[in-house]
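As the structure is a computational prediction, the values presented were derived from the model and not from experiment. Proteins come first, then strands; the chains are lettered A, B, ... in the order of their sequence lines, and each starts at number 1.
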There are 2 protein chains.
Amino acid sequence: MANPLVRKLEHGAPLSDEEKDALAKLMVGARPVGAHEDLIAEGDAPEHVHVVLEGFACRYKMLPDGGRQIMAWLVPGDFCDLHVSLLGEMDHAIATLTPSVIAFLPRNGLEVLAEDHPTLTRALWWATLVDEAVLREWLVNMGRRPSPQRIAHMFCEVRARLHAVDLAPDAIMEFPLSQTDLADSAGISSVHVNRVLQQLRDEGLITWRGGVLQVLDVGALEAFAGFDANYLHLKGPPASHAH
Amino acid sequence: MANPLVRKLEHGAPLSDEEKDALAKLMVGARPVGAHEDLIAEGDAPEHVHVVLEGFACRYKMLPDGGRQIMAWLVPGDFCDLHVSLLGEMDHAIATLTPSVIAFLPRNGLEVLAEDHPTLTRALWWATLVDEAVLREWLVNMGRRPSPQRIAHMFCEVRARLHAVDLAPDAIMEFPLSQTDLADSAGISSVHVNRVLQQLRDEGLITWRGGVLQVLDVGALEAFAGFDANYLHLKGPPASHAH
DNA sequence: ATCGCATCTTAACCTATGTTTGCAAGCGAA
DNA sequence: TTCGCTTGCAAACATAGGTTAAGATGCGAT
């Protein structure tokens, strides 16, 4: 099974085999990381580019009162800090949410490779523009959707994103977040997350036990949440490779 | 007084006089637009790049139930649709909030110019990464700050951003949004916006009448809101040019 | 000057969500 | 097995913010 980074970037631009190989070879130092560990702190200017290969990580900020807001989920194939160098330093932190595997790409190597391969450059910028689009949808989610729809929408999105890297073939996926992590993502309290989950289960939309999330009826959940995948910009048919 | 686009981009990279001139010359078709007019619709693939020269515009999405969520304020110097071509089409709409002046840059011309001027390319990408950083902070704002702090934070941010293009020298600025627009930005109802504004006025933090917003004590408002400008990445001293 | 429409303001009432707390269930370590 | 910790669940209560509706105010057009 190919590298999730490559699988993801193929949604953004048609990479040649040479480009895919070069990218995969650039990826070094894959290492396992436990749950709830910081990978990058606010204010850092990381030397290498980090990529999630397995598990879930997140972007987050802490507030003075101790509150935490998670601003993005990073799933396999996602970059943590692709273009920080343009901004100078991180304005937020990155942490794992579950046990994960994280790899590095030497920043120089990646830049050199990108210079020689405009299509690759395009794919990398595509990925950051999609990150931005996701952020916009999260903002809509927070601002205008009541919490049951909000959580449902987040489930629809992970399903679609994991599906795009072949990790949710049957709408069944590894999703070992805690309810507290979900609360800090949705901007509500963890006890309210619990209430909402009861409701989603009662309505037969999902099951979620032992870190495994199953969407029982994708259409029904998407209708309930008002989910439309257009903002993920997964143009082509998702990950239908020849084997 | 120089072009606000140029003034803004100078925060991102040190542009040569030639680059500044070329950019300014590329900007054509400045035209006035009334308040609350759509500039770009969801699904469009705009041929030219739009820039706000005067007034306020916004990014927004409508929801099935008629709700509107504003996801970004566009102030003079901001791009509306710089890199859409990489994503194919707009996943959200753009509208004016107040009477504005909008200019265009031919997409081809801009691409050619950027190819010859790596520093300019850098400045353009810097601008989109800052947009993303602002979006992240808005998400934190929505998720974790109670509405008085949330509105206050938005005021701190516009002040800083307008200041960066020399449009809020004394913490006094043109800000002719309606309370409804503010509500759709903050994810609360317009009557609650009104309640919150009373409070901010009562506490002597701001005045806002006749479309003019004055921050009475920048330090106090920023402390109240928990505002830290780092996410705007305005490295250098804001807009202190020789004349 | 006055009419008409936007916007702002206020009030009364309602509901979603937060807070606090206690307990149960799961699970890894000794 | 038992201990200890984290996570999930539930109930009682408190409150921020939503909804509706009705005046007030300002302002452009005639």
With syn meaning chi within 90° of zero and anything else anti, the base of dA6(C) is syn

Whole-Å distance, L97(A) CG to dT7(D) P, equals 12 Å

Q | Lys/Arg-Asp/Glu bridge criterion (N-O < 4.0 Å) met for R144(B), D65(A) | A | no

Check: Does the side chain of R107(A) pick up a donor-acceptor pair with the side chain of H48(A) at under 3.5 Å?
Finding: no

Open item on the list: Using ring centroids (six-membered ring only for Trp), state whether H50(B) and F79(B) fall under 6.0 Å.
Closed with: no

inquiry  = Would you say that P76(A) contacts L53(A) through its side chain, given a criterion of any heavy-atom pair below 4.5 Å between the two side chains?
reply    = no

B/S/- along nucleotides 8-14 of chain C (protein heavy atoms under 4.0 Å) is SBB-B--

When rounded to whole Å, the CD to C1' distance for the pair Q149(B) and dG17(D) reads 14 Å

note: H192(B), atom NE2; dT20(D), atom C1'; distance rounded to Å ~ 16 Å

Checking N1-N3 plus N6-O4 or O6-N4 for Watson-Crick, or N1-O2 and O6-N3 for wobble, each under 3.5 Å, the partner of dT25(D) is none

So do E174(B) and V212(B) actually touch side chain to side chain, heavy atoms under 4.5 Å?
yes

- Have a look at G187(A) and say if it touches a base, only the backbone sugar-phosphate, or nothing, with a 4.0 Å heavy-atom cut-off. sugar-phosphate

| If you measure only the distance, is there a donor-acceptor pair under 3.5 Å linking the side chains of E157(A) and W138(A)? | yes

Heavy-atom nearest pair, A45(B) first then G88(B), reads CB-O, 3.5 Å

Could you tell me if N194(A) and Q198(A) have a donor-acceptor pair between their side chains, going purely by distance under 3.5 Å? yes

| said: Is it the case that the side chains of S147(A) and H192(A) hold a donor-acceptor pair, with the cut-off being a distance below 3.5 Å and no angle test? | reply: yes

When rounded to whole Å, the CD to C1' distance for the pair Q199(A) and dA10(D) reads 16 Å

From CD1 of I151(A) across to C1' of dA16(C) the rounded distance in Å is 14 Å

Numerically ordered, the residues 57-74 of chain B set in heavy-atom contact under 4.0 Å with DNA chain D is none

By the Watson-Crick or G-U definition, both distances under 3.5 Å, dG28(C) is matched with dC3(D)

Atom CZ of R145(A) and atom P of dG18(D) are separated, to the nearest Å, by 17 Å

query: Under 4.0 Å between a side-chain N/O of S147(B) and OP1 or OP2 of dG17(D), yes or no?
result: yes

- Message: Contact between L74(B) and F56(B) at the side-chain level, heavy atoms closer than 4.5 Å - yes or no?
- Response: no

In terms of ring plane angle, is the pair W208(B) and F175(B) parallel, tilted or perpendicular, where the classes change at 30° and 60°?
tilted

Give me, pair by pair, the N or O atoms of the protein and of nucleotides 26-30 of chain D that are less than 3.5 Å apart, along with how far apart they are.
none

Q.
For D181(B) and S178(B), which I'm curious about, is there any donor-acceptor pair between the side chains at under 3.5 Å?
A. yes

Rounded to whole Å, the CG-P distance (L182(B) to dG17(D)) equals 14 Å

